[in-house]
Amino acid sequence: MLKAALRGGAPVLLWRAALVAALLCGVGLLPWLSRTDPALTVLRARSAERTATPEVLDAIRAQLGLDAGPVRLLGDWLGGLLHGDAGRSWISGAEVTPSVLQALGASLLLMGGALAVAAVTAAGVCARTLRLGAGRRLDERRTAGSGSALLATLPDFLTASVLASVVGVRLGWLPALGWYGPRWMVLPALSLGLPAGALLGRMLDDLLPGAFAEPWAPAAAARGVRGRTVARQALRRCVPGLLPNVGLFVVGLTGGAVAVEQIFDIPGLGRLSLQAAVAQDLPVLQAGTLALVVLAAAVGGLARLGARLLIGPALRDGALPSLHRPTPSRPTPQPLLYGGLLLAVIALGLARDPLALDTTARLRAPSRAHPFGTDALGRDVLARVGHGALDTLALAAAVSAAALLLGATLGLLPRFSGPLADTVNAVPPVLAALLVTAVAGSGPATPALAVTAVAWAPLAAHTSALLRQERATTHLAATRGLGATSLQLLRHDLLPAVLPPVLRHALLRLPGVALSLAALGFLGLGAQPPSPEWGLLLAENQPYAERAPWASLAPAAALALLGAVAVTAGGGVRWPRAPRVPRRHV
């Protein structure tokens, strides 16, 4: 295994190095790609009241060496990096390396707490399937959805705001601001870990029936092996397929927790990257991005190594059974019920005016006149949820479909897509949006391009992990021995095994895609006020979460309904009907 890794590792390392170099060059050229004056941006970040005279701007250019051009600046920064010097901040003048390392340490601590919460949440989501599988009663399993969908679609900034205002301020149980010890880590870890754990738990719950259906499981039960032992081995069988996505979550929780770090005033790497990107403080932004890329490469390598160790020699010898023959869950009418409720809310909202202002009815509680209450400007929340659904759902569905197609296609080429997914996932969301805007320009399609550029990575990682295991199955080796071509194996064996769980994974991420699209409005991209897009509704009403929680809970509930529809639809839809009477043939 080690020799094979060494033989095939050189091209992968070169490809990863090329991606890192391209990313750092893109970050270093960001002001020039976006056609903005870095001297003016730095001046505004240093002192918003100072007048931007030509003399002042020329002095900043001379101080920072901007006249030498972006290529020279990037070369000087890389040259200093080889000697352990990441430069000085363009805003504060402080050394970059200590500040980035300190922020990285805070983010890693927060990530550790969030992963602990995620592990407990994932265990709760798949506990029923484990219990039924241990008792050989998987035929009683129904499609899970409501609770896990609600958790998976919870926006982290809304969860953080509610926990900070209610648990931290109103009840006083835990501190709501600062970063001074373990007690300050509980609320932000809950905000990040609950949705991540629900998503991982749903993915694990989707794989477990296939493990319990493998030949070893009934054989172990017949020999009197305890159900707990069988469940533990089934869990070990499924975890390797999720480890690459766990690695992506680790990096995402480290550099992408911008909103949570802002709300709880945590000096983490995500917050530092946001401030550096907005101020175009290139040394800090480049060093932070490099730290995340290195972390992504290390975590991705450990995830792949962990998967190989958990599976054991069967992966090398092609002796794995297939995971894609699970006991099917019972189709239920839940998707129809949730979808009907969502459509009813949208229809009622469309009959109302989403822009009508009534300053005498600001932040009114739900009533007969305003079933979902009103917002800070007196506008009807139900009307804004209904009118915002059209753009939100249509664009989210299109982006999810594009991400699924891109992720599944690239996932079939793991040597190419693995380093690319690690690198893309390491880019903070705000930086990804700025880079896409700099290349594609600001326009109606920019938010979709920005989200699609990063949304494919988890799906590609999931596809690659399942494909690696399916290629090592015994039935595939037998089919290949019978003379099947590579194209036939791909079409009739590999794709039917890999695509269904990846499709359900994409459905589970649909509400998150909708929220990511709307969140780009803060960067001047996509929808802007007074647009009733759901993500903007959450953001606009977030400051009033304690005084008027209904204004934020209404769009959050709509997103949760969307998540419930997506999750339950993955197990099949069936409306209860009377049994058919067989017809007599004369």
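Atom set for the values below is all heavy atoms of this structure, side chains included, hydrogens, waters and symmetry mates excluded.
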W90 side chain vs L282 backbone, donor-acceptor pair below 3.5 Å: no
Short side-chain to backbone donor-acceptor contact, Q280 and T41, under 3.5 Å: no
Heavy-atom check, side chain of H505 versus side chain of P458, under 4.5 Å: yes
Any L410 side-chain heavy atom under 4.5 Å of L406 side chain: yes
Student check: side-chain heavy atoms of V565 and L561 closer than 4.5 Å: no
Minimum side-chain heavy-atom gap L192-V117 below 4.5 Å: no
Sub-4.5 Å side-chain heavy-atom contact between V42 and I91: yes
Flag, side chain of S107 to backbone of G268, donor-acceptor distance under 3.5 Å: no
R362/D375 ion pair, N-O < 4.0 Å: no
Backbone N/O of G373 and side chain of R364: donor-acceptor pair under 3.5 Å: no
Sub-4.5 Å side-chain heavy-atom contact between H370 and L382: no
Greater than 12 external heavy atoms within 6.0 Å of R352's CZ: yes
Donor-acceptor under 3.5 Å (R379 side chain, L355 main chain): no
